[in-house]
Amino acid sequence: MSVIVVGGGLIGSAVAFTLRDAGLEVEVLDADLPGAAWRAAAGLLTPHGERLHGTPLHADALESLSLWPDFARSLEAYGGQSVHFRPGVLHIGRGQGGQESEPAHQSVPEEGSLHPPSVVRAALAGVKVTRARVLALRPDTRGVRLQTEAGERRASLVVLATGAWSGAFGLPVRAEQGQALLLQGASDHPAQYGTRRRGRGLHGYALGRPDGLYVGATARGSAMQPDRWALRWLGHMARTTVPAHADRPVQAELMGLRPITPDGLPLIAPHPALPHVVVATGHGRHGALLAPLTARRVLALVRQTLREAA
Ligand SMILES: Cc1cc2nc3c(=O)[nH]c(=O)nc-3n(C[C@H](O)[C@H](O)[C@H](O)COP(=O)(O)OP(=O)(O)OC[C@H]3O[C@@H](n4cnc5c(N)ncnc54)[C@H](O)[C@@H]3O)c2cc1C
């Protein structure tokens with residue numbers, strides 16, 4: 001029984017890792033598309049910062065957050081490299097009651113951060129990955145036929161984890177552009193939400209990562225081209241969020257497309273029209289946070305689908 005995961009981003013790589021860990025034969029087909037969200041993602045695991053309390057995502061966000069410490073350890077053990085998982089996020093907001101007083105600092109130890117590109121690399125370390133774009137899926141008597149740029153492939157089951165490109169497979173997912181800045185150095189800067197400037201409330205965030213100091217992030221439009229307005233806003237964010245570091249040279253301007261569903265909730269289910277295809281997409285702003293829980297749910301769906309097909 002072979003499983004092909006289409007898309008090797010934050011979700012596809014976590015799914016492939018989990019399926020392989022459960023003893024399934026897995027291959028990932030990834031097109032390495034410019035604009036993949038995982039290359040631009042900050043890596044914050046922050047249900048509180050993202051104000052998920054009271055939303056339908058809150059319980060899942062907390063559950064997935066609780067899975068991260070063990071998931072990170074497994075990734076590092078199998079992948080042989082650090083994913084830079086760090087507990088604790090500092091929240092900086094207005095003073096008591098929203099007064100224009102000294103900023104209030106609140107440490108949230110149960111939140112955390114990691115480095116998304118390292119997560120993807122570690123998750124795929126032991127998995128066969130083929131660089132190919134999947135163009136179409138067709139049901140087959142023994143599973144699914146995949147038409148790819150590199151010829152036709154067959155699998156018992158396909159997991160579609162194609163992020164913002166999922167609309168190409170009949171799924172209601174649109175792209176939302178996000179931009180961020182990576183400044184040189186300050187890799188040990190703590191993960192931080194909000195600004196130190198008085199009365200500015202909770203806007204923007206910054207965190208030290210192995211590749212520099214990340215300052216993010218915008219959410220605007222769906223264009224593939226970076227926009228100048230966003231870069232100006234990010235410069236302002238750096239000056240108000242991490243003023244001591246704002247003059248550091250820019251190491252990289254990052255841009256990624258978040259996959260968004262109409263109700264803002266991830267889509268983890270059998271494909272509505274294609275048998276033997278399981279869908280895992282639409283994670284919007286929270287793909288890093290939700291990856292371990294999504295992978296667990298996809299494993300259950302894959303096992304059920306393979307049992308029914310046997
Ligand atoms: C600026 C920014 C900051 C973010 N910060 C955070 C954060 O701090 N915390 C958090 O939890 N989330 C964050 N996110 C959101 C997170 O990045 C996404 O939710 C997550 O990456 C979605 O994962 P995915 O695997 O569905 O999509 P992606 O990571 O975009 O991966 C999709 C993959 O599918 C491949 N693909 C697509 N179509 C095909 C095809 N037809 N054939 C083969 N391969 C294909 C692409 O090449 C790509 O590698 C951020 C996003 C952005 C843009």
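FYI, side chains are in, hydrogens and waters are out, and symmetry mates aren't considered; it's all heavy atoms of this structure. Counting starts at 1 for both ligands and their atoms, following the listed order.
A chain of hydrophobic side-chain contacts below 4.5 Å, direct or via other Ile, Leu, Val, Met, Phe, Trp or Tyr residues, connects Val129 to Tyr78. Placement of Phe85 and Leu293 in two distinct hydrophobic clusters is found when ILVMFWY residues are connected by side-chain heavy-atom separations under 4.5 Å, directly or transitively. In the hydrophobic cluster analysis, where Ile, Leu, Val, Met, Phe, Trp and Tyr join through side-chain heavy atoms closer than 4.5 angstrom, Val26 is grouped together with Val119. Under the 4.5 Å side-chain heavy-atom criterion for ILVMFWY residues, a single connected hydrophobic cluster contains both Val302 and Val127.
Checked against a 3.5 angstrom limit, the closest N/O atoms of Gly284 and ligand 1 fall inside it. Looking at Ala37 next to ligand 1, an N or O pair under 3.5 Å apart turns up. Backbone and side-chain nitrogen or oxygen atoms of Ala40 are examined, and none is located within less than 3.5 angstrom of a nitrogen or oxygen of ligand 1. Looking at ligand 1, you'll find an N or O of Leu33 within less than 3.5 Å of one of its N or O atoms. Inclusion of Ala288 in the set of residues having an N or O under 3.5 Å from an N or O of ligand 1 is warranted. Taking any N or O of Asp30, backbone or side chain, at least one lies under 3.5 Å from an N or O belonging to ligand 1. Looking at Trp38 next to ligand 1, an N or O pair under 3.5 Å apart turns up.
Within the structure, the closest approach of Ala280 to ligand 1 does not fall below 4.0 Å when heavy atoms are considered. Judged by the shortest distance from any of its heavy atoms, Leu29 lies inside the 4.0 Å radius around the atoms of ligand 1. Residue contacts with ligand 1 include Ala161, since one or more of its heavy atoms lies under 4.0 Å from the ligand.
Ligand 1 places these atoms under 4.0 Å from at least one heavy atom of Leu10: 17 (O), 20 (C), 21 (O), 23 (O), 25 (O), 29 (O). For ligand 1 and Gly256, the ligand atoms under 4.0 Å from any heavy atom of the residue are 53 (C). The ligand atoms of ligand 1 that sit less than 4.0 angstrom from a heavy atom of Asp32 are 47 (O). Applying the 4.0 Å criterion to heavy atoms of Val6 picks out, from ligand 1, the atoms 42 (N), 43 (C). With ligand atoms numbered from 1 in the order given, ligand 1 contributes 3 (C), 4 (C), 5 (N), 6 (C), 8 (O) to contacts under 4.0 Å with heavy atoms of Ala42. Within ligand 1, the atoms closer than 4.0 Å to a non-hydrogen atom of Gly178 are 1 (C), numbered from 1 in the order shown. The atoms of ligand 1 that sit less than 4.0 Å from any heavy atom of Ala36 are 30 (O), 48 (C), 49 (O). Close contacts of ligand 1 with His283, meaning ligand atoms under 4.0 Å from a residue heavy atom, involve 19 (O).
Atom 3 (C) of ligand 1 has as its closest protein heavy atom Tyr214 OH, 3.4 Å. At the top of the distance list for atom 27 (O) of ligand 1, counting protein heavy atoms only, stands Gly163 CA, 3.6 Å. Looking only at protein heavy atoms, the nearest one to atom 39 (C) of ligand 1 is Thr162 CG2, 3.5 Å. When hydrogens are left out, the protein atom nearest atom 44 (N) of ligand 1 is Ala31 N, 3.1 Å; that is the closest non-hydrogen contact. Nearest protein heavy-atom neighbour of atom 34 (O) of ligand 1: Gly7 CA, 3.4 Å. The protein atom (non-hydrogen) at minimum distance from atom 52 (C) of ligand 1 is Arg258 NE, 3.6 Å. Protein heavy atom at the shortest distance from atom 42 (N) of ligand 1 is Val134 N, 2.9 Å. Closest to atom 23 (O) of ligand 1, if we only count protein heavy atoms, is Ile11 CG1, 3.5 Å.
Minimum heavy-atom separation, Leu234 to Gly216: CD2-CA, 3.9 Å. Nearest heavy atoms, Leu57 versus Gly264: CD1-O, 4.3 Å. In terms of heavy-atom proximity, Ile11 sits nearest to Ala291 at CD1-CA, 4.1 Å.
For atom 13 (C) of ligand 1, the nearest non-hydrogen atom from the set Met255, Glu50, Arg285 comes from Arg285. By heavy-atom distance, the residue among Gly287, Ala41, Gly43 lying nearest atom 20 (C) of ligand 1 is Gly287. Ranked by closest heavy atom to atom 9 (N) of ligand 1, the top entry among Thr130, Leu44, Leu257 is Leu44.
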### Message
Before you tell me yes or no, could you show the steps for Leu52 and His286 under side chain to side chain contact (heavy atoms under 4.5 Å, CB included), namely the whole-Å CA-CA distance, both residues' side-chain angles and the distance that decides it to 0.1 Å?
### Response
CA-CA 10 Å; Leu52 294 179; His286 312 297; 3.8 Å; yes
### Task
Apply the test side chain to side chain contact (heavy atoms under 4.5 Å, CB included) to residues Leu114 and Trp68: give CA-CA distance (whole Å), side-chain angles for both, the deciding distance (0.1 Å), then the verdict.
CA-CA 10 Å; Leu114 42 72; Trp68 256 114; 3.4 Å; yes
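Aromatic pair Phe71/Phe17: ring centres closer than 6.0 Å.
Of the heavy atoms in Ala132, only backbone atoms (N, CA, C, O) come closer than 4.0 Å to ligand 1.
Sorted by first and then second residue, the salt bridge (Lys or Arg N to Asp or Glu O under 4.0 Å) pairs with a member in residues 145-169 read Glu27-Arg153, Asp140-Arg145, Asp140-Arg154, Arg145-Glu152; sequence neighbours excluded.
Between the side chains of Tyr214 and Gln251, not a single donor N or O lies within less than 3.5 Å of an accepting N or O.
Hydrophobic clustering, defined by side-chain heavy atoms of Ile, Leu, Val, Met, Phe, Trp and Tyr closer than 4.5 Å, groups Leu137 together with Ile4, Val6, Leu29, Val134, Val144, Leu146, Val158, Leu160, Phe169, Leu171, Val173, Leu267, Leu274, Val277, Val279.
Considering Arg174, Glu176, His283 in turn, Glu176 is the only one that fulfils the side-chain contact (heavy atoms from CB on, under 4.5 Å) rule with Arg258.
More than 12 non-hydrogen atoms from other residues, nucleotides or ligands lie less than 6.0 angstrom from CZ of Arg131. Residue-environment remark: CZ (Arg296) stays at or below the threshold of 12 foreign heavy atoms within 6.0 Å.
The closest donor-acceptor contact from the side chain of Gln192 to the backbone of Thr241 lies under 3.5 Å.
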